[in-house]
Amino acid sequence: MLERLVKSKRLKRAVDVAAAATGLVLGAPLLGLAAAAVRVSMGSPVLFAQDRPGLHGVPFRLRKFRTMRDAADGVPDAERLTPVGRLLRTTSVDELPTLWNVLRGDMSLVGPRPLLTRYISRYNAEQARRHEVLPGLTGLAQVRGRNALSWPEKFELDVWYVDNWSLLLDARIVFETVWSVLARRDINAPGHATMPEFMGNDHDG
């Protein structure tokens, strides 16, 4: 049983590397076009970079295309989101540079999404189990409602994925992700660029 699990995880990593490398090569023209659009509409830097918790909560540097203007006091994220940024988000093109994180081994194609580092202290013990696997470019919560879900619902799906992971489940999530991207479903919570901040279970339970 253990040997089979190890082989499955090695195969998962091989799929991650092959898919990320292929995506970066084939997506190079789109990456270049998106970078130019961000540069013209928002200036430099083109990429948004931020530390996020990875496997076992160890931080890594996540990169994606910028979609918002620089932060300003009193200006909500929804108002900082530019038309170009909105297009990149609704098509998920803003996530393409994150394939580099997958190639490096910081992330997997499928797993719980890497959230903000400051959330770690706000999880309960069960929710913190989402860090028992590599974070993913997409995940079960993304195809079961994405930002239309509450935080507790997202975390419940994340932990269910940890306990029930399989290569077949990953394949299903990837297939459903493609459909969700094409349908442009559940991009943001009402009144927010993505989701309101997770303040802890006393606030979001």
Side-chain angles (χ1 to χ4, degrees), residues 9 12-13 16-17 19-20 23-24 31 34-35 38 42 45-71 77 80-81 85 88-89 92-147 149-162 165 170 173-174 177 180-181 186-189 192-201 203-204:
K9 288 188 174 181
K12 178 180 172 72
R13 177 59 187 153
D16 283 345
V17 170
L24 287 169
L31 283 160
V38 172
M42 284 176 272
V46 168
L47 295 180
F48 168 80
Q50 187 179 61
D51 285 343
R52 297 288 178 92
L55 181 64
H56 305 311
V58 177
F60 69 96
R61 197 73 169 165
L62 178 142
R63 288 175 172 80
K64 59 171 67 177
F65 283 121
R66 282 181 65 203
T67 57
M68 294 190 290
R69 297 184 181 90
D70 292 337
D77 286 352
R80 293 169 52 214
L81 187 63
L88 293 179
R89 285 195 179 193
S92 295
V93 171
D94 66 314
E95 303 276 2
L96 286 179
T98 313
L99 288 171
W100 176 247
N101 290 112
V102 177
L103 193 62
R104 281 172 44 89
D106 302 321
M107 295 175 60
S108 177
L109 288 178
V110 181
R113 288 286 290 170
L115 302 176
L116 299 177
T117 302
R118 63 177 175 266
Y119 289 2
I120 292 179
S121 63
R122 302 173 187 175
Y123 298 140
N124 61 35
E126 183 70 4
Q127 292 165 349
R129 294 189 57 229
R130 68 193 308 276
H131 294 297
E132 291 178 9
V133 297
L134 281 172
L137 190 59
T138 186
L140 189 60
Q142 278 57 55
V143 298
R144 292 292 185 270
R146 200 173 178 180
N147 291 325
L149 298 174
S150 68
W151 283 116
E153 289 171 329
K154 283 174 176 279
F155 298 147
E156 184 177 351
L157 289 169
D158 288 342
V159 174
W160 189 93
Y161 174 84
V162 170
W165 171 79
D170 276 4
I173 291 172
V174 169
T177 297
S180 295
V181 169
D186 306 319
I187 305 289
N188 56 274
H192 298 272
T194 51
M195 281 285 289
E197 182 171 352
F198 174 61
M199 301 304 297
N201 291 284
H203 297 80
D204 295 275

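Because only heavy atoms are used, hydrogens play no part in the values below, and waters and symmetry mates are left out as well, while side chains stay in.
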Visitor: Is the closest side-chain heavy-atom distance between F155 and L149 below 4.5 Å?
Guide: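 They are not in side-chain contact.
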Visitor: If we only count heavy atoms from C-beta on, is the E132 to V159 side-chain gap below 4.5 Å?
Guide: no
Visitor: Hey, what do you get for CG (L140) to CG (L157), rounding to the nearest 0.5 Å?
Guide: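 Going from the CG atom of L140 to the CG atom of L157 covers 5.0 Å.
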Visitor: Please check: side-chain N/O of K12 versus main-chain N/O of L109, any donor-acceptor pairing under 3.5 Å?
Guide: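 Pair absent, no side-chain N/O of K12 close to backbone of L109.
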Visitor: Would you check, one step at a time, whether the test side-chain hydrogen bond (donor to acceptor under 3.5 Å, both in side chains) holds for N201 with Q127?
Guide: CA-CA 10 Å; N201 291 284; Q127 292 165 349; 2.6 Å; yes
Visitor: Taking the side chain as every heavy atom from C-beta outward, state whether R89 and M68 have any pair of such atoms under 4.5 Å apart.
Guide: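 Touching, per the 4.5 Å side-chain cut-off.
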Visitor: For V38 and L88: C-alpha separation, side-chain torsions, deciding distance, then whether side chain to side chain contact (heavy atoms under 4.5 Å, CB included) applies.
Guide: CA-CA 9 Å; V38 172; L88 293 179; 3.6 Å; yes
Visitor: Determine whether a donor-acceptor pair (N or O, by modelled atom type, separation under 3.5 Å) exists between the side chain of R69 and the backbone of L81.
Guide: no
Visitor: Any non-hydrogen side-chain atom of M107 less than 4.5 Å from a side-chain atom of T98?
Guide: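 Touching, per the 4.5 Å side-chain cut-off.
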Visitor: Shortest non-hydrogen contact from L62 to K64?
Guide: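 Answer, listing the atom of L62 first, then K64: CD2-CE, 3.8 Å.
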Visitor: Restricting to pairs with a member in residues 48-57, which pass salt bridge (Lys or Arg N to Asp or Glu O under 4.0 Å), not counting sequence neighbours?
Guide: D51-R61
Visitor: Do the rings of H131 and Y123 sit parallel, tilted or perpendicular, given the 30° and 60° boundaries?
Guide: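 Tilted, since the angle between the ring planes falls between 30° and 60°.
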Visitor: Between W165 and V133, is the side chain to side chain contact (heavy atoms under 4.5 Å, CB included) condition met? List the steps.
Guide: CA-CA 10 Å; W165 171 79; V133 297; 5.8 Å; no
Visitor: Under the criterion side-chain contact (heavy atoms from CB on, under 4.5 Å), which of D170, L137, V102, L103 is the partner of D16?
Guide: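 By the side-chain contact (heavy atoms from CB on, under 4.5 Å) criterion, D16 pairs with just one of D170, L137, V102, L103: V102.
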Visitor: Stepwise, does the side chain to side chain contact (heavy atoms under 4.5 Å, CB included) test hold for L47 with F65?
Guide: CA-CA 4 Å; L47 295 180; F65 283 121; 3.7 Å; yes
Visitor: If we only count heavy atoms from C-beta on, is the Y119 to W151 side-chain gap below 4.5 Å?
Guide: yes
Visitor: Is there side-chain contact between L99 and L96, with at least one heavy-atom pair below 4.5 Å?
Guide: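 Contact flag for L99/L96 side chains = yes.
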Visitor: Should T67 and F48 count as side-chain neighbours, where that means a heavy-atom distance under 4.5 Å?
Guide: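 T67 vs F48: side chains apart.
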Visitor: Can you check whether Y161 reaches V110 side chain to side chain, under 4.5 Å on heavy atoms?
Guide: yes
Visitor: By salt bridge (charged side-chain N to carboxylate O under 4.0 Å, His left out), which residues pair with R113, not counting sequence neighbours?
Guide: E95
Visitor: Could you report the tightest heavy-atom contact between P135 and P53, atom names first, then the distance?
Guide: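 Distance-wise, the nearest heavy atoms are CG-O, 4.2 Å.
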